[in-house]
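In what follows, a single structure is set out as structure tokens and then discussed.
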Protein chains: 2
Amino acid sequence: MASHRPTLDELLAQLRARGQRATTARRAVLAELLAAGDTHLTADELARRIHAEHPAIHLSTVYRTLDALAAAGLIVVARFADQPLTYHLAGDVHHHAVCTTCGDTINLPVRVLAPLRRRLLRDHGFDADPRHLTITGTCAGCRAGQG
Amino acid sequence: MASHRPTLDELLAQLRARGQRATTARRAVLAELLAAGDTHLTADELARRIHAEHPAIHLSTVYRTLDALAAAGLIVVARFADQPLTYHLAGDVHHHAVCTTCGDTINLPVRVLAPLRRRLLRDHGFDADPRHLTITGTCAGCRAGQG
DNA sequence: CTTGATGCAAATGGTTTGCATGTTT
DNA sequence: AAACATGCAAACCATTTGCATCAAG
């Protein structure tokens, strides 16, 4: 039920299974995404981290790699407000609640949205994708702070 | 409770009430947003329509006007996937369900999300903003079409 | 008349692309 | 060897900004 965290080799195997090649750049991107855990990273952040080990890997390659990984279903893309796109492994499926006051992102368990999904399907025939649901609002801390 | 559709003059009065000036450009933008009804328009689409009557109004002015209107709370901004920002009058509060297959946007009544909002508030202390909720997924038509 | 809004052109910044070269299969 | 991935530089496109001018209060 809950997806276990895959190893780097498993991810690369999945990539190959979809006809994609396992290159140094892709290994590096996946390794950083694994290391990031639940955190969402931008292409630029990924490139910066990768450069510690592989200074030659170009930002545009990171973008192309991320596109390939997303097409293969290994990662999920999320956009928060006007910030750059962020990426995380698809295993970590969750919803996003972004606080417009402090900018923090809260990962909500899929469960929370399950009733809504059922309702949308029943009443509107709309099959909501649980990977791309972002809610903006005010988090508990900021609500308290502002009275 | 349900917001009635305001007139152009009412909107301009609201603008003035917030210390903003009522200029030709702002009148033109608001007029087009009123004419658009539930439809979401991009800055570029607005500029194009406005140019029919006022060819001199520059796209950058449309952007600045939209910023001012949003700051004054008269309009709401929504971003769908990677497309340009879209704008609509704040009176039309609704949620957005975007079909990733056909690209269509369905406006959902606020009611639909009310239980979720209550739950987020109760369980996570998160006060969701009903104006900025976008759900992606597959609409009824596309689900049928693809079996 | 004073402040804020506009037109224009130029900058910005994230992301994409063309092409020649390098790497994986 | 063939197909695909990469580095680099340049393009792209939505949006923003500096500045001189204009219009609303």
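Residue numbering restarts at 1 for every chain, and letters A, B, ... go by the order of the sequence lines.
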Any pair with a residue in residues 70-80 of chain B that passes side chain to side chain donor-acceptor pair (under 3.5 Å), sequence neighbours left out, goes on the list, sorted by first then second residue, please. D82(A)-R79(B)

Could you give the CG-to-P distance, from L59(A) to dA10(D), as a whole number of Å?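 Atom CG in L59(A) sits about 16 Å away from atom P in dA10(D).
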
Rounded interatomic separation in angstrom, taking CG from D82(B) and P from dT16(C):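 For the pair D82(B) CG and dT16(C) P, the rounded distance is 7 Å.
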
Test side-chain hydrogen bond (donor to acceptor under 3.5 Å, both in side chains) applied to [X] - qualifying residues, sequence neighbours left out:
X: H96(B); value: H40(B), H94(B)
X: R117(B); value: D127(B)
X: R48(A); value: D44(A)
X: D129(B); value: R131(B), H132(B)

Identify all side-chain donor-acceptor contacts of residues 55-71 of chain B below 3.5 Å with residues at least two apart in sequence or on another chain.
{"from": "H58(B)", "atom 1": "ND1", "to": "S60(B)", "atom 2": "N", "distance (Å)": "3.0"}
{"from": "H58(B)", "atom 1": "ND1", "to": "S60(B)", "atom 2": "OG", "distance (Å)": "3.1"}
{"from": "T65(B)", "atom 1": "OG1", "to": "T61(B)", "atom 2": "O", "distance (Å)": "2.8"}

Using the 3.5 Å cut-off, write out each protein N or O paired with an N or O of nucleotides 18-20 of chain D and the distance between them.
{"from": "dG18(D)", "atom 1": "O6", "to": "R64(B)", "atom 2": "NH1", "distance (Å)": "3.2"}

Name every residue in residues 25-57 of chain B that has at least one heavy atom under 4.0 Å from any atom of DNA chain D, in order of residue number, or write none if there are no such residues. none

Going by number, which of residues 66-80 of chain B have a non-hydrogen atom under 4.0 Å from DNA chain C?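 Listed by number, there are none.
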
Name the closest nucleotide to the T61(A) side chain, picking from dT15(C), dG7(D), dT16(D). dG7(D)

Show which side-chain atoms of residues 104-116 of chain B pair as donor or acceptor with protein atoms under 3.5 Å away, not counting sequence neighbours.
none

Inspect the surroundings of CD in E53(A) and state if more than 12 heavy atoms from other residues, nucleotides or ligands are less than 6.0 Å away.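 At most 12 heavy atoms, drawn from other residues, nucleotides or ligands, come within 6.0 Å of this atom.
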
Bend angle of the helix from dC1(C)-dG25(D) to dT25(C)-dA1(D), from helix axes over five pairs at each end, nearest 10°: 40°

Expected string for nucleotides 20-25 of chain C under the B/S/- scheme (protein heavy atoms, under 4.0 Å, primed atoms plus P, OP1, OP2 as sugar-phosphate) is ---BBS

Closer to the 5' end of DNA chain D via nearest nucleotide, is it V62(A) or Y63(B)? V62(A)

One pair to check against side chain to side chain contact (heavy atoms under 4.5 Å, CB included): I135(A) and L120(B). What are the steps and the verdict? CA-CA 10 Å; I135(A) 300 169; L120(B) 286 177; 3.7 Å; yes

